[in-house]
Amino acid sequence: MKEVTIFTDGACHGNPGPGGWAAVLQYGEHRKELSGADPATTNNRMELQAAIESLRALKSACKVELHTDSEYLKNGIERWVKNWKRNGWLTQERRTVKNADLWKELDELVSKHSVTWRWVKGHAGQAENERCDELAGLAVEKLKEESSPQQLKAALTEFRERGRPQSEFKL
């Protein structure tokens with residue numbers, strides 16, 4: 001089984017607002033950088049999306065060490081998902097799990113690999129985490145350059161009305 005190291009990060013300009021995600025994947029001498037953006041999202045959704053996209057990029061089952069600066073992501077996947085699934089994707093308070101669509105997708109992807117989750121302190125000088133932060137920010141800037149203010153406003157309105165974006169508008 002290939003051993004892959006992944007670093008991920010998410011960013012949001014406004015919360016909710018335009019957001020970006022990024023990942024750095026390392027396998028031996030190989031390195032791959034991934035990033036993307038969403039016109040209306042939250043920071044937590046972008047943290048989840050970064051993990052999803054990085055695992056989706058793996059072509060076969062791998063032993064993965066995934067580094068994140070998001071306690072929400074790490075705690076969610078290691079501690080909360082099991083109970084949410086058992087409770088029909090409801091919290092202990094019987095409310096719908098926030099970001100359930102992404103948690104379900106992440107849970108499915110994680111089941112295909114052997115993943116160890118590592119938390120790293122964000123903005124603390126860890127090179128790959130800093131690179132992911134930079135890439136996520138650049139993805140947001142590119143999205144904002146390529147979108148009109150009206151498009152971004154409409155996406156945000158849709159997000160707020162429906163609780164998550166319905167469009168597949170991503171870079």
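This one's a predicted model, so the numbers in the text were calculated from it and none came from an experiment.
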Exercise for the section: May I ask you to decide if the ring planes of Trp84 and Trp80 are parallel, tilted or perpendicular, using 30° and 60° as cut-offs? Expected result: tilted
Honestly curious: do [X] and [Y] fall in one hydrophobic cluster under the side-chain, below-4.5 Å linking rule?
X      : Y      : result
Val24  : Leu34  : no
Leu143 : Leu135 : no
Val64  : Val81  : yes
Met46  : Leu66  : yes

Exercise for the section: Give a yes or no on whether a salt bridge exists between Asp38 and Arg45, defined as a side-chain N under 4.0 angstrom from a carboxylate O. Expected result: no
Exercise for the section: Please determine if Arg131 and Glu134 form a salt bridge, counting it only when a charged side-chain N lies under 4.0 Å from a carboxylate O. Expected result: yes
Considering only heavy atoms from C-beta outward, does the side chain of [X] approach that of [Y] to under 4.5 Å?
X      : Y      : value
Leu102 : Asn44  : no
Arg31  : Glu128 : yes
Leu109 : Val115 : no
Lys104 : Asp107 : no
Asn129 : His67  : no

Problem - Within 6.0 Å of CD in Glu141, more than 12 heavy atoms from elsewhere - result: yes
Practice task
Take atom CD of Glu93 as the centre, draw a 6.0 Å sphere, and report whether it contains more than 12 heavy atoms from other residues, nucleotides or ligands.
Solution key: yes
Minimum heavy-atom distance between [X] and [Y], given as atom pair plus value:
X      : Y      : result
Ile77  : Trp103 : N-CZ3, 3.5 Å
Thr41  : Pro18  : CG2-C, 4.4 Å
Ala50  : Asp9   : CB-O, 3.5 Å
Pro16  : Arg160 : CG-NE, 3.9 Å
Leu156 : Gly17  : CD1-N, 4.1 Å
Phe7   : Cys132 : O-SG, 3.2 Å

Once you round to the nearest 0.5 Å, how far does [atom1] of [X] lie from [atom2] of [Y]?
X      : Y      : atom1 : atom2 : answer
Ser114 : Glu3   : OG    : CD    : 9.5 Å
Ser54  : Ile52  : OG    : CD1   : 9.0 Å
Leu152 : His13  : CG    : NE2   : 11.5 Å
Glu158 : Lys153 : CD    : NZ    : 15.0 Å
Asn83  : Leu90  : CG    : CG    : 12.0 Å
Glu47  : Cys12  : CD    : SG    : 10.5 Å

Exercise for the section: Would you sort out whether Leu73 and Leu106 count as a side chain to side chain contact (heavy atoms under 4.5 Å, CB included), showing the intermediate values? Expected result: CA-CA 10 Å; Leu73 172 60; Leu106 180 60; 3.5 Å; yes
Practice task
Return each pair, listed once, that meets salt bridge (charged side-chain N to carboxylate O under 4.0 Å, His left out) where at least one residue sits in residues 60-76; pairs must be two or more places apart or across chains.
Solution key: Glu65-Arg118, Lys74-Glu78
Problem - Step-by-step side chain to side chain contact (heavy atoms under 4.5 Å, CB included) determination, Trp119 to Asn75 - result: CA-CA 10 Å; Trp119 181 81; Asn75 288 335; over 6 Å; no
Exercise for the section: Any chance you could lay out the ring pair (Phe, Tyr, Trp, His ring centres under 6.0 Å) test for Trp117 and Tyr72, step after step, and finish with the verdict? Expected result: CA-CA 12 Å; Trp117 297 86; Tyr72 172 73; over 10 Å; no
Problem - Side chain Asn87, main chain Trp89, donor-acceptor under 3.5 Å - result: no
Exercise for the section: Output all residues satisfying salt bridge (charged side-chain N to carboxylate O under 4.0 Å, His left out) with Glu130, sequence neighbours left out; order by chain, then residue number. Expected result: none
Fill in the blank from the handout: Ala154 meets the side-chain contact (heavy atoms from CB on, under 4.5 Å) criterion, sequence neighbours left out, with none
